[in-house]
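Since the structure comes first, as structure tokens, the remarks are kept for the end.
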Amino acid sequence: MRLLWQRAVRLQKLMPQTHLSPHTHARRLLATTTASARGSGQEEKENRKWSSPGSKAEMFLYSAFWAGGLGLGYFWLTQRYSSTPDEEVKPDDEAVARLWHITPRKDLPTYKAEQVEQHNAPDKGIWITYGLGVYDVTEFAENHPGGDKIMMAAGSAIDPFWAIYQQHNTLEVLELLESFRIGNLEGLTVPNAEDELGSPWAKEPERHALLKPASKRPFNAEPPIGLLAEKFYTPNEMFYVRNHLPVPVLVPEEYELEIDTSGGEQGGPLLTLTLAQIKALPRHTVTAAIMCGGNRRSEMTHIKAVKGLSWGAGAVGNAKWSGARLCDVLREQGVQPNETMHVIFEGADLDPTSHPYGASIPLSKALDPRGDVLLAYEMNDEPLTRDHGYPIRVIVPGVVGARNVKWLTRIMVADHESDSHWQQNDYKGFSPSTDWDTVDFSKAEAIQAMPVTSAICTPLPGERVKVDPQGGYITVRGYAWSGGGRKILRVDLTGDEGKTWHVAELEQEDSPDGRHYGWSLWTARLPITEEQQQRRKAGGSGELEIWAKAVDSAYNVQPEKFEHIWNLRGVLANAYHKVKVKLA
Ligand SMILES: Nc1nc2c(c(=O)[nH]1)N[C@H]1C(S)=C(S)[C@@H](COP(=O)(O)O)O[C@H]1N2
Ligand SMILES: [Mo]
């Protein structure tokens, strides 16, 4: 909000002075536009139908969302612009239009953010906010194929999307948006700086606005699922963040990593490495997806409530990690293979009782050169960001996110696992019949390697999908991954509840099985049968449920239903990913 406010003030300063208040001006403009109905009246609403993909503004809004970061929106924009030179956009009008979303409309009601949030699906209406404007875009999303990309922002702000797609700042798009305006957002205030001083949260890093927080303190957020499968390497600023505690402030010059390889004996070898010393060790790079144990928990919740943050399918990201190999450091210290020992990691982030975040892995994984465990200082060739563990985190490829300890300050070789809450009382799986009365955390194994999973990233649930007129198919895209270095062999899709399956095309790194730690992106052309199309034409709902399941190199396959893998913490949620869409 503060950022938004600053931007608003900046905008206001930049804007040329005008005698008209933004809204007088807005109405004047609304009255003179004819291409499609605009304004807040009832008749205009009637006219706001999207039967033909025609109007320029519609195309802009549509294309920009559809582009999803590929710059295709810009392409559309320039195409449309150059092909219609007759319509002139006056820079002044545009400048004024840019103020609408930060100007309260006295003629409209005020809504709370929570009220907007409830309108996040076609059946509940689709509302979005931009600045302090509240907009009802249900009709746009519903009636225009592809227009429903706006669903990525359903119930929340489109500001972060528009910050990326600068081409939205055209008069036509702004007019179109203003025509959907239904109200003002309550509570656009400048935060009180004093509240923040001395709080453990005072030094939290800035986050990309596209990361939608599941919780703000500690900060936990995933990127919009619709953007996740666009890039093989997840951009650092879009990589999900899972923090249990405030982000610690570490000064690189003072950073030290303590390594105790005594195995629990007092006075054993103790090594301290500075950041420069770690960077001076042989550099190793590995592509690895990191996935939270609670990824896709929100789907499991539909069966029965679970305890935990409600993650969608975006608590995963794929990156190229660089750093020193832990096996090199441990071997140098004379650590011998031992199947019963563990390596404990501690972070610099402290809980209120001054206990650090901690987790452990088996020593065999740490010592295995094919395990590729890293003391990582780079993510996608950039220094780690603070949220992802600056300056050093351990990367444990193929293993649940929780063991990839960030802000790493201490490593211990020990005859026991970490005694932290996160190793002992969390991130463990249970039988579906285990409840909070019967659960015994000490009896269950801590999660290490993750099971095979996949998710459909596009189309989004509820999206209206166009069937390719020549090929009679729809295009579906997503990710798949399995733990333990197991390569994805296949991703199967069905549009008829498993009667017929269609194999997706995979995009993956060419690394050997057993050491295949990166995710696989996949694209499938899912045939839509005559019957399915006929049903739609006959006035049916045109609903289609797409299912995806992945197969890994051990021929492990995802379970069909969440019912049989439900567990009280909502972890390991890897059933078929099922997405309902509408055929356009
Ligand atoms: N020190 C520290 N390390 C941590 C955590 C944490 O809260 N503190 N969270 C863990 C969990 S549960 C996950 S899923 C991953 C998330 O990594 P990311 O935020 O870089 O995506 O970090 C792990 N490492
Ligand atoms: Mo996690």
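Atoms within each ligand, like the ligands themselves, are counted from 1 in listed order. No hydrogens, no waters, no symmetry mates; every other heavy atom, side chains included, goes into these values. The first residue in the sequence is number 1, and the count goes up from there.
For residues 392-425, every residue pair satisfying the ring pair (Phe, Tyr, Trp, His ring centres under 6.0 Å) rule, not counting sequence neighbours, is listed here: His244-Trp422, Tyr357-Trp422. Within the structure, the ring pair (Phe, Tyr, Trp, His ring centres under 6.0 Å) test picks out the following pairs touching residues 427-452 (sequence neighbours left out): Phe430-Phe441. Applying the ring pair (Phe, Tyr, Trp, His ring centres under 6.0 Å) test to every pair with at least one member in residues 362-400, sequence neighbours left out, gives these pairs: Phe239-His388.
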- Item | Lys487 and Glu509: CA distance, side-chain angles, deciding distance, salt bridge (charged side-chain N to carboxylate O under 4.0 Å, His left out) verdict | CA-CA 9 Å; Lys487 191 172 180 160; Glu509 208 179 40; over 6 Å; no

- Task: For salt bridge (charged side-chain N to carboxylate O under 4.0 Å, His left out), just list the numbers for Glu222 and Arg296, CA-CA rounded to whole Å, side-chain angles, deciding distance to a tenth of an Å, and then say yes or no.
- Result: CA-CA 11 Å; Glu222 63 188 298; Arg296 301 184 56 204; over 6 Å; no

Give one line per pair: atom of ligand 1, protein atom, distance. Only N/O to N/O under 3.5 Å.
unit_1   : atom_1 : unit_2 : atom_2 : d
ligand 1 : 1 (N)  : Asp349 : OD1    : 2.8
ligand 1 : 1 (N)  : Asp349 : OD2    : 3.2
ligand 1 : 1 (N)  : Lys406 : O      : 3.0
ligand 1 : 3 (N)  : Lys406 : N      : 2.9
ligand 1 : 7 (O)  : His244 : N      : 2.9
ligand 1 : 7 (O)  : His244 : ND1    : 2.8
ligand 1 : 8 (N)  : Asp349 : OD2    : 2.7
ligand 1 : 9 (N)  : Arg242 : O      : 3.2
ligand 1 : 9 (N)  : His244 : ND1    : 3.4
ligand 1 : 17 (O) : Arg393 : NH2    : 3.1
ligand 1 : 19 (O) : Arg242 : N      : 2.9
ligand 1 : 19 (O) : Lys406 : NZ     : 2.5
ligand 1 : 20 (O) : His388 : ND1    : 2.6
ligand 1 : 20 (O) : Arg393 : NH1    : 2.7
ligand 1 : 21 (O) : Tyr240 : O      : 2.7
ligand 1 : 22 (O) : Arg393 : NH2    : 3.4
ligand 1 : 24 (N) : Asn404 : O      : 3.0

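Heavy atoms from other residues, nucleotides or ligands lying under 6.0 Å from CD of Glu332 number 12 at most.
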